[in-house]
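Keep in mind that what you see is a predicted model, and the values were worked out from it rather than measured.
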Amino acid sequence: MGEASQDKPQRTAVQIEADIERTRGRLAETLDELAVRIHPSTISAQVKAKAMASVEEKAGRAYVAANGLVEKVRAQFVDEKGQPRKERVVPAALVGVGLVLLIASSRRRRKG
């Protein structure tokens, strides 16, 4: 056991003190970083960012779904060349006009 200690070079007090100072510096940096990470404003900002990302993701999915639905409906009323399909547009327009008239007449009855 005496030989093992002889193989290692002896450190001086100055070297040991320098090591201690470096260790203290690293510890201080780590503590500062931890203080920033657990600060309420940091946590709040992280939660807010995650919530916004989730909302944006869901809004994007909803937009894609709505866009697909609009394209499907459009395909029912427009042919491959982009021309309106009269055999489908006219009945749909008549149904729309009928609904408007029905709603208007029911409102008149309520007022009267």
Side-chain angles (χ1 to χ4, degrees):
M1 189 160 160
E3 289 179 24
S5 62
Q6 290 176 351
D7 292 344
K8 290 184 181 179
Q10 295 295 321
R11 293 176 29 182
T12 65
V14 172
Q15 290 171 325
I16 294 171
E17 287 174 5
D19 284 347
I20 291 171
E21 281 304 310
R22 281 192 297 274
T23 302
R24 281 184 184 154
R26 286 194 308 264
L27 181 59
E29 288 174 10
T30 302
L31 290 174
D32 288 346
E33 185 179 330
L34 287 172
V36 169
R37 284 185 184 181
I38 64 170
H39 194 274
S41 64
T42 303
I43 294 170
S44 173
Q46 289 172 342
V47 168
K48 183 178 176 182
K50 286 181 183 178
M52 288 299 293
S54 177
V55 167
E56 288 174 1
E57 179 184 348
K58 288 177 182 173
R61 287 182 185 171
Y63 175 79
V64 169
N67 194 30
L69 182 62
V70 167
E71 285 301 315
K72 284 181 182 178
V73 170
R74 183 179 178 275
Q76 296 297 314
F77 295 100
V78 178
D79 65 14
E80 302 83 32
K81 296 177 184 177
Q83 299 299 315
R85 294 181 178 183
K86 292 179 185 174
E87 72 278 4
R88 291 187 180 173
V89 172
V90 172
L94 290 174
V95 168
V97 169
L99 287 173
V100 168
L101 292 174
L102 183 65
I103 292 170
S105 69
S106 70
R107 285 188 179 177
R108 278 191 225 146
R109 287 183 189 156
R110 286 185 197 166
K111 288 182 180 180

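The distance from atom CZ of R74 to atom CG of N67, rounded to the nearest 0.5 Å, is 11.0 Å. From I16, atom CD1 reaches atom CD of Q10 across 9.0 Å, with rounding to the nearest 0.5 Å. One distance of note links CD of E17 with CZ of R11; it measures 11.0 Å at 0.5 Å rounding. Note that NZ of K86 is 11.0 Å distant from CG of D79, once rounded to the nearest 0.5 Å.
We find that R26 and E29 are not joined by a salt bridge, their nearest charged nitrogen and carboxylate oxygen being 4.0 Å or further apart.
R88 places a side-chain N or O within 3.5 Å of a backbone atom of Q76 that can act as its donor or acceptor partner. The main-chain N or O of D19 is found under 3.5 Å from a side-chain atom of T23 such that the two form a donor-acceptor pair. Checking side-chain atoms of E56 against main-chain N and O of A53 turns up no donor-acceptor pair under 3.5 Å.
Among residue pairs with one or both ends in residues 30-43, those qualifying as side-chain hydrogen bond (donor to acceptor under 3.5 Å, both in side chains) are E33-R37, H39-S41; sequence neighbours excluded.
Nearest heavy atoms, R85 versus E80: NH2-OE2, 3.7 Å.
A search for side-chain hydrogen bond (donor to acceptor under 3.5 Å, both in side chains) contacts involving E57 returns R61, not counting sequence neighbours.
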Show your reasoning for whether side chain to side chain contact (heavy atoms under 4.5 Å, CB included) applies to L34 and I38. CA-CA 6 Å; L34 287 172; I38 64 170; 5.6 Å; no
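Taking Ile, Leu, Val, Met, Phe, Trp and Tyr as members and joining any whose side-chain heavy atoms lie under 4.5 Å apart, directly or through other members, the hydrophobic cluster of V47 also contains I43.
At least one side-chain heavy atom of V89 sits under 4.5 Å from a side-chain heavy atom of P84.
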